[in-house]
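Computed from heavy atoms alone, side chains included, the values below leave out hydrogens, waters and symmetry copies. Nothing fancy with the numbering, it's 1 onward along the sequence.
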Amino acid sequence: MPELRVGDRQWSVAAGSNLLDALNQHGVAVPYSCRAGSCHACLVQCVNGLPTDSRPDALSAEQRQEGWRLACQCQVTQDLHVHTFDPLTDGRPALVEALDWLSDNVLRLRLTPQRPLRYSAGQHLVLWINHIARPYSLASLPQEDRYLEFHLDCRQPGEFSDAARRLQIGDLIRLGELRGGALHYDPDWHARPLWLLAAGIGLGPLFGVLREALRQDHQGAIRLIHLAHDAREHYLAKPLAALAAQRENLSVELWTAAESAAALAQLRLVSRQTLALVCGSTASVEAFAKRLYLAGLPRNQLLADVFLSRR
């Protein structure tokens, strides 16, 4: 049986064991969220030995050369010595600059990193509060905002959302890996119709993408749809209305869950050149995508990020 070692601890595990499970079941607390290789919360570094990796494409060549692996995607097949990600030494420190409730359930968190961070609209970061980690998409725009902005859904209790509620201005938290998701803005799209469809806090990264498109003077029609549980949860209604008032090619639609089925049924493409960016829960992304495909949108013209519920 392979031996697994972390620091001064060492124990035997069954060959083929999932690395994340083998660590957590023996008291080594490695955070995780998606278990699909997307969120990167479960990064560990292999000091000696290498596991079998089912998602070698999930990390950069430089990260892999340094021994970093996603524990959820690895199986222990030989003796292995790993270093778990320590936010105190491996994370990038950032100060809490502002905390605002945009609705009853959405907390806007603004951070100032102690070292500059280069990122693009639509990317996401792993946020660490003490030893609790979750991935969150950036809602800020790098060329315009001096802070990093995140929208946190605190509707349901959970380890991270409970810790976020206790944050105060001036607190220090840590930033994990910066990750590029599917959502982004490409300047080559400047003349094409652009649809941005968001559910809940899936609006956060699309708000950043929208502002990037406007910053680059997108000329095609832009249609933004926000689906919320009820009208009170359209938490960016005012800034979106302000942007729409400034740009004739931008339209904003605010849908509630009660009217979503009828509204979806009415979706019609004005051009097969349309590009659609979709973000939200699994169910909402699937509903949007299904309707867009039925309306004739080619599959390679839809980009989607799914938010998994683990607070």
Working note: L20 + Q73, criterion side chain to side chain contact (heavy atoms under 4.5 Å, CB included); need CA distance, chi angles, decisive distance, verdict. CA-CA 8 Å; L20 176 63; Q73 299 300 304; over 6 Å; no
inquiry  = Assess the residue pair Q273 and Q301 against the criterion (side-chain hydrogen bond (donor to acceptor under 3.5 Å, both in side chains)); give the C-alpha distance rounded to whole Å, side-chain angles, the decisive distance to 0.1 Å, and a yes or no.
reply    = CA-CA 8 Å; Q273 294 300 308; Q301 291 171 211; 5.4 Å; no
Next item on the list: Just do the ring pair (Phe, Tyr, Trp, His ring centres under 6.0 Å) check on H218 and H190 with the steps written out, would you?
Entry: CA-CA 5 Å; H218 184 84; H190 72 282; 7.5 Å; no
Derivation and outcome, side chain to side chain contact (heavy atoms under 4.5 Å, CB included), residues S137 and F307
CA-CA 9 Å; S137 293; F307 285 179; 3.6 Å; yes
Chi angles and distances behind the ring pair (Phe, Tyr, Trp, His ring centres under 6.0 Å) call for F207, Y235 = CA-CA 11 Å; F207 184 60; Y235 65 92; 8.7 Å; no
Audit row: V126, L175, side chain to side chain contact (heavy atoms under 4.5 Å, CB included) steps and yes/no:
CA-CA 6 Å; V126 175; L175 309 177; over 6 Å; no
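In this structure, R64 is not positioned above the aromatic face of W68 in the sense of NZ or CZ being under 6.0 Å from the six-membered ring centre and within 45° of the axis. Remark: R108 is not positioned above the aromatic ring of F150, lacking an NZ or CZ atom under 6.0 angstrom from the ring centre and at most 45 degrees off the axis.
Side chain to side chain, S271 and T274 fail the donor-acceptor criterion of an N or O pair below 3.5 Å. No side-chain donor from either of Q219 and N249 sits under 3.5 Å from a side-chain acceptor of the other. Neither side chain, Y185 nor S120, offers a donor N or O lying under 3.5 Å from an acceptor on the other.
A donor-acceptor contact shorter than 3.5 Å links the side chain of D53 to the backbone of R55. With hydrogens and angles ignored, the 3.5 Å screen pairs a side-chain donor or acceptor of R9 with a backbone N or O of H26. A distance-only check finds no donor-acceptor pair linking the side chain of H229 to the backbone of A257 [under 3.5 Å]. The backbone N or O of W128 lies less than 3.5 Å from no partner atom in the side chain of R174, so there is not a single donor-acceptor pair. Remark: the backbone N or O of Q168 is paired with a side-chain donor or acceptor of D171 at under 3.5 angstrom.
Counting only heavy atoms from C-beta outward, the side chains of R223 and L267 approach each other to under 4.5 Å. Side-chain contact check for L117 versus L148: some heavy-atom pair is nearer than 4.5 Å. Two residues are said to be in side-chain contact when any heavy atoms from C-beta on lie closer than 4.5 Å; L80 and V47 fail this criterion. Side-chain contact check for L19 versus V30: every heavy-atom pair is 4.5 Å or farther apart. In this structure, R69 and L50 have side chains that are in contact, with non-hydrogen atoms separated by less than 4.5 Å.
The ring-ring contact (aromatic ring centres under 6.0 Å, His included) analysis of residues 238-272, with sequence neighbours excluded, yields no pairs.
Salt-bridge formation is not detected for the pair R155/D104: no Lys NZ or Arg NE/NH1/NH2 atom is positioned less than 4.0 Å from an Asp or Glu carboxylate oxygen. Taking the charged nitrogens against the carboxylate oxygens, R211 and D145 do have a contact shorter than 4.0 Å, which makes a salt bridge. Salt bridge R247/D217: present, at least one basic N to carboxylate O contact under 4.0 Å.
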Side chains of residues 109-116: which donor-acceptor pairs under 3.5 Å do they make with residues two or more places apart or in other chains?
| from | atom 1 | to | atom 2 | distance (Å) |
| --- | --- | --- | --- | --- |
| R110 | NE | E149 | OE1 | 2.8 |
| R110 | NH2 | Y147 | OH | 3.2 |
| R110 | NH2 | E149 | OE1 | 3.0 |
| T112 | OG1 | E97 | OE1 | 2.5 |

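Tracing side-chain contacts under 4.5 Å through hydrophobic residues (I, L, V, M, F, W, Y), one never reaches L224 starting from L141; they form parts of separate clusters.
Across P2 and T77, no two heavy atoms sit closer than the pair CG-C, 4.0 Å. Residue C154 comes nearest to W101 through the heavy atom pair CB-CH2, 3.9 Å, listed as atom of the first residue, atom of the second, then distance. When all heavy atoms are compared, the tightest approach of D153 to S161 is O-CB, 4.3 Å.
Rounded to the nearest 0.5 Å, atoms CG (D90) and CD (E177) are 12.0 Å apart.
Ring geometry for H184 versus W189: interplanar angle of 30 to 60°, hence tilted.
In this structure, the ring of F288 has its center no less than 6.0 angstrom from the ring center of Y293.
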